Amino acid sequence: MQTIFGLQLKEHLRRIHPPSESQEEVEEFRISVQQQIVRLAMYLHRRMSSAFHPTALKFHYVFNLRDISNVFRGLMLSSSESLTKSEDLLQLWLHESQRVYGDKLLDQDDLEKFDKILADVLKRNTEMDDQSSLAMVSNIPSIAISHRALGPHATNR
């Protein structure tokens with residue numbers, strides 16, 4: 001799975017590379033960001049699968065390849081204007097992960113648990129500390145604007 005999603009993201013980033021940078025800087029940006037995002041996505045998917053199990057009331061708590069694919073599908077819709085630095089892609093990944101995984105969760109306890117898992121995934125797979133990862137996760141709705149056109153009845157979580 002790392003190869004599949006890694007190659008897709010690498011090709012997407014190659015097509016939309018940030019403008020006005022030398023080719024060497026663009027390639028370095030693509031490789032580092034692509035590897036980090038794939039690693040984060042795989043780790044989050046494993047954590048979600050092990051932390052949330054289906055029950056009679058939460059029978060849809062089944063996390064499979066479709067979920068991780070939907071996260072990457074959302075990432076592929078980004079443009080060069082929206083991704084000028086690695087933090088932008090990280091914020092978009094957080095937004096897409098919240099959209100795909102967080103939207104499945106039913107109650108406030110599960111949403112809080114998800115936020116803690118997401119912050120822990122960031123802390124373990126990036127150079128962020130506890131405070132930075134928690135702050136980034138708690139600010140997802142305000143820092144990442146969906147790249148899709150929102151309909152007249154769209155609401156934020």
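Treat the numbers as computed from the prediction; the structure is a model and nothing was measured.
Checked by atom type and distance alone, the side chain of Q34 pairs as donor or acceptor with a backbone atom of G6 at under 3.5 Å. Side chain of S50 to backbone of R46: a donor-acceptor contact under 3.5 angstrom is found. A donor-acceptor pair is defined here as one N or O able to donate and one able to accept, closer than 3.5 Å; no such pair exists between the side chain of H45 and the backbone of D67. The closest donor-acceptor contact from the side chain of K123 to the backbone of L134 lies at 3.5 Å or more, if one exists at all.
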### Task
Just do the side-chain contact (heavy atoms from CB on, under 4.5 Å) check on N125 and L44 with the steps written out, would you?
CA-CA 10 Å; N125 292 283; L44 176 62; over 6 Å; no

### Query
Should L13 and L89 be marked as a side-chain contact (heavy atoms from CB on, under 4.5 Å) after you check the CA-CA gap, both sets of side-chain angles, and the distance that decides it?
CA-CA 10 Å; L13 292 174; L89 188 60; 4.1 Å; yes

### Message
I'd like to know whether W93 forms a side-chain contact (heavy atoms from CB on, under 4.5 Å) with L122, so could you lay out the CA-CA distance, the side-chain angles of the two residues, the decisive distance to 0.1 Å, and finally the verdict.
### Response
CA-CA 11 Å; W93 173 78; L122 279 175; 4.3 Å; yes

### Query
So L9 and M76, side-chain contact (heavy atoms from CB on, under 4.5 Å) or not? Walk me through it.
CA-CA 7 Å; L9 188 56; M76 300 304 151; 4.0 Å; yes

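If you take CE on M48 and OH on Y101, they are separated by 7.5 Å, rounding to the nearest 0.5 Å. One distance of note links NZ of K113 with CZ of R47; it measures 9.5 Å at 0.5 Å rounding. Here the straight-line distance linking atom OG of S78 with atom NE2 of H95 works out to 11.5 Å at 0.5 Å rounding. Residue L92 holds its CG atom at 8.0 Å from CD1 of I37, rounded to the nearest 0.5 Å.
Within a 6.0 Å sphere centred on CD1 of I4, heavy atoms belonging to other residues, nucleotides or ligands number 12 at most.
Across M136 and L94, no two heavy atoms sit closer than the pair CG-CD1, 3.3 Å. The shortest non-hydrogen separation linking S138 to A135 is OG-O, 3.0 Å. The shortest heavy-atom contact between N70 and R99 is O-NH2, 3.2 Å. For the residue pair L118 and S97, the shortest heavy atom distance occurs at CD1-CB, 4.5 Å. Looking at every heavy atom in both residues, V121 comes nearest to Y43 through CG2-CD2, 3.5 Å. Closest non-hydrogen pair, A51 versus I117, comes out as CB-CD1, 3.5 Å.
Linking Ile, Leu, Val, Met, Phe, Trp and Tyr residues whenever their side-chain heavy atoms come within less than 4.5 Å leaves F114 and L57 in two separate clusters. Following chains of ILVMFWY side-chain contacts shorter than 4.5 Å, one can reach L106 starting from V100, so the two form part of one hydrophobic cluster. Taken together through direct or relayed side-chain contacts under 4.5 Å among Ile, Leu, Val, Met, Phe, Trp and Tyr, L75 and M1 form part of one hydrophobic cluster. Residues M42 and L65 share a hydrophobic cluster, clusters being chains of Ile/Leu/Val/Met/Phe/Trp/Tyr side chains in contact below 4.5 Å.
For Q108, the side chain to side chain contact (heavy atoms under 4.5 Å, CB included) test picks out L111, E112, with sequence neighbours left out. In this structure, the side chain to side chain contact (heavy atoms under 4.5 Å, CB included) partners of D110, at least two apart in sequence or on a different chain, are F52, K58, Y61, L105, D107. Taking the salt bridge (charged side-chain N to carboxylate O under 4.0 Å, His left out) definition, one finds that R124 meets it with D120, sequence neighbours left out.
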